[in-house]
Amino acid sequence: MALKPETRAIRLQSERVRREHSVPLYLTSSFVFDDAEQARALFADEVPGSIYSRFSNPNTDEFTAKMADLEGAEDGVATASGMSAVFTSLAGLLRAGDHLIAGRALFGSSHQILTQILPRFGISHTYVDGSDPAAWESALRPETRMVFLETPSNPGLDLIDLAAAGAFAASHGLILNVDNCFATPVLQRPLEFGAHIVTHSATKWLDGQGRTLGGVVLGSKDLIKEIRFFARHTGPALSPFNAWVLSKSLETLHIRMRAHSDNALRLAEALQSRPEIDWVKYPHLASHPQYPLAKRQMDLGGGLLAFQVKGGVDRGRRFLNALELLSHTANLGDTRTIATHPASTTHSKLSEADRLAVGITPGMIRLSVGLEHTDDVLADLLQALGRSA
Ligand SMILES: *Cc1c(COP(=O)(O)O)cnc(C)c1O
């Protein structure tokens, strides 16, 4: 029976834990062998099964299998956080002397890995403008091995054409690695466009309830074999408890992402006509400069939107201080709507010029739209706009 993704996210359970209706939690560091022969076969990778929870565990296996299924990947490795997923995907596949091409608008810690950490191991990078894949040729070097991208970007919500990126990687024999955290496989599946590796912070929409850290790297059997070797011996393992929480979260991922996207679109439309606001950016809003691309590669617009309050940094800060219902935190991907002022918080360490290069204007507010009733969220946004004038 060919099941739909919504059904598979709920029904795909590991064989070994089938009798319990909800998969039990395996809080154990190691597993007992049946006999010496089974121990040998497990270590030789001849039979499936768990040896030690740094290598694998039924809970992390279940989470990884569900994520691989949703992204259309052959295999995957679960990690303790999104950053360990990103680092493992880079360090597991690259070596000294290699070069990578990266879209300029990256998550802050990914930027630190590329600029401060990988160079210590002899791995260099060149940033490119994500909006123009045709221009990436000029960044190529004989030692280029990988392209690393995020789309939509944080917090600017600019898109990179995944089909064009896939064609670029294919024509130069490069590994295309996409951080798909913002979209989730419900909205966008980069492997369908020619990506080879997908990474996620499961901390965000995959859990969606602000409870755990987690991450996952997905891709072909061959690439994941190298990444698994790296992870097994360096130890960024996801805890079984967090994997158990995340597997449960995936059962509601489709329904949540649809609701987050519906709510975000409604708020984007309502904010767009307000006189206190210069612009609103949301992938599935017709005024987004890459709207046709957003419609092509994203099934829905997602839960994040950005807007610019008139009056610059000070008004942006007054606006945040005037919010009563919404949370003011740096996180995203929660049931609770979260407002962030990137210029004074998450991206304050960048120079103003660097901020503008990735689309962060002084009065820009990023909204991670939750699952509250949009009437209540909008009422809070409007009263805060009024009081911050
Ligand atoms: C949050 C985030 C990460 C890092 O994830 P953690 O789970 O916090 O380590 C990586 N990429 C993107 C796009 C993110 O939003």
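Every number for a ligand or one of its atoms is a count from 1 in the order of the listing. Numbering starts at 1 and runs along the sequence shown.
Evaluation of the salt bridge (Lys or Arg N to Asp or Glu O under 4.0 Å) rule for E251 yields K66, K248 as partners, not counting sequence neighbours. The side chain to side chain contact (heavy atoms under 4.5 Å, CB included) test applied to N59 returns V23, L25, Y26, N57, P240, A243, W244, not counting sequence neighbours. Under the ring-ring contact (aromatic ring centres under 6.0 Å, His included) criterion, H196 pairs with no residue at all, not counting sequence neighbours.
Closer than 4.0 angstrom to ligand 1 sit non-hydrogen atoms from S81, G82, M83, F107, E150, D179, C181, F182, S201, T203, K204, G214.
For R318, the CZ atom is densely surrounded, since the number of other residues' heavy atoms within 6.0 Å is greater than 12.
Judged by the 6.0 Å distance and 45° axis criteria, K225 is not positioned over the aromatic ring of F230.
Using a distance-only test at 3.5 Å, with no hydrogens or angles considered, a donor-acceptor pair links the side chain of S368 to the main chain of G333.
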